[in-house]
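In what follows, every chain begins at residue 1, and chains take the letters A, B, ... in the order their sequences are listed.
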Amino acid sequence: MQRAIALVDCNNFYVSCERLFQPGLEGRPVVVLSNNDGCVVSRSQEVKDLGVKMAVPWFRMRDLARQHNIVALSSNYSLYADISNRVMSLLSRFSPGQEVYSIDESFLELTGIAVDHTGYARQMRLTVMQHVGIPVCVGIASSKTLSKLANHVAKKNPRYAGVCDFNGMTEAELNGLLARIDVGEVWGVGRRSADRLRDRDIRSALDLKRAAAKHIRSGFSVVFERIVAELNGVSCLELDQVAPAKQQIICSRSFGTPTSRLADLEQAVIAYTTRAAEKLRQQRSLCGGIQAYIRTNPHREQDAQHQSSMLMPLPEPSDDTRLLCRAALHGLRSIYRTGHAYQKAGIMLTGIIPAAARPQTLFDDVPSREKSEALMRTLDRINRSMGSGTIRLLGEGTGKPWAMRRQNVSNRYTTEWDELAVCKAHP
DNA sequence: TCTGGGGTCCTAGGACCC
DNA sequence: TCTGGGGTCCTAGGACCC
């Protein structure tokens, strides 16, 4: 039986989320900006039609924005995450095998589901639209890589009406489509590799499909060998149905305004470590070390540049916020240099293991460990029910002069009592 | 004035061991 | 004169994804 994998992808996801609660944005050019209102990360169709590319710095398109009255919104991840959960849970009804691949994409196993797949996919679109109001497109094929391309075709080509099933096509039809897709659009082929492939006269998805495996293996890597197999309909990438535990947890952020004060960096590092430790405990893991990282703004070449990081191993794996903060601060203080305008700081938890696999040591101090665990549990419970940050370390500070810019952020319409969407009755 | 954040995987090279 | 080979582990860095 032929393998059938669907990729369901939300259209202009963040913009679509914003439009749910601000219907006035419908039909208008809208962008959502990254943290710090830095870059464009989601564009409405109207903005795409103006030729605005993904990840363009916002300050570079100010003129265009004025000219065309583009609405720019700060990103509101609480809202997007909640809408995403609703979409994913609806989609899970369509197959016992689901991989939630990203905030706006999901793979669904359709192999063995004995219905007309195109009709089934139309039903998915309709269901998500009716229940949540988010438009989606569906691509279906015999491997993940092909289903990504099928989705691409469904999105770009109005005549497919949002659903494209490669499995229902003849080889010639499919190749005809692949020949018109740039090799850079293939999943896993980035800008660097696309350039190198073009040097070898591999320009389209079809060219890559037909490339000799040996040739690809030696010139690139096993990853590319797999891509070629997947393009030929040989499924090499399985669906990850349970999200595996993270092997590293990163929390880093650019500052709203650069700072050269160690005290500011310390506050930021404590805040980031606190967040990361919460995530670590959520997935019931411990980490073996923590890395602190600072850097100046690399785009300001006229400024003195400094970037550095230091990994602090822990004496034994831990998930205690206080311990992790202490280690991170130690690292920060050893890399910090006076007189630099730092633009970004971050931390990374590494050497992550399941909490259940905690190694026993000769000098295990069980009572103090149990106290630490109880304290962290209580902390998490209070912050979960009373709002995040209700209880935190004093070192995190209260002023946060370094906090990021979010000039035009919408309400958290679905997750905060104070910001719930209200239906206004018409007179 | 203003350029995101959070992840994964692979490779190369060094250290170390027998 | 002549100085092995193979395995493992770790780290840094590159490339990619959304």
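- The residue among A:R226 and A:I250 whose nearest nucleotide of DNA chain B is located toward the 5' end is A:I250.
- Distance, A:Q291 CD to C:dA12 C1': 10 Å, rounded to whole Å.
- Note on A:R196: nothing from the nucleic acid sits closer than 4.0 angstrom, heavy atoms only.
- Aromatic ring centres of A:F255 and A:Y342 lie farther apart than the 6.0 Å criterion allows.
- The residue A:V186 sits close only to the backbone: its heavy atoms come under 4.0 Å of sugar-phosphate atoms, none of a base.
- Between the CG atom of A:N35 and the P atom of B:dG7 there is a distance of 13 Å, rounded to whole Å.
- Distance alone, capped at 3.5 Å, places no donor-acceptor pair between the A:N11 side chain and the A:S16 backbone.
- Projected onto DNA chain B by closest heavy-atom contact, A:R253 and A:R62 fall at different nucleotides, the more 5' of which corresponds to A:R62.
- Residue A:S193 is classed as a sugar-phosphate contact, given heavy-atom separations below 4.0 Å to backbone atoms only.
- Counting any heavy atom pair closer than 4.0 Å across all strands shown, A:L33 reaches no nucleic acid atom.
- Electrostatic pairing of A:E278 and A:R381 does not count as a salt bridge here, judged by no charged N lying under 4.0 Å from a carboxylate O.
- Remark: B:dT11 base-pairs with C:dA12; criterion is Watson-Crick or G-U wobble with both hydrogen-bond distances under 3.5 Å.
- Between the A:E230 side chain and the A:L237 main chain, a donor and an acceptor come within less than 3.5 Å of each other.
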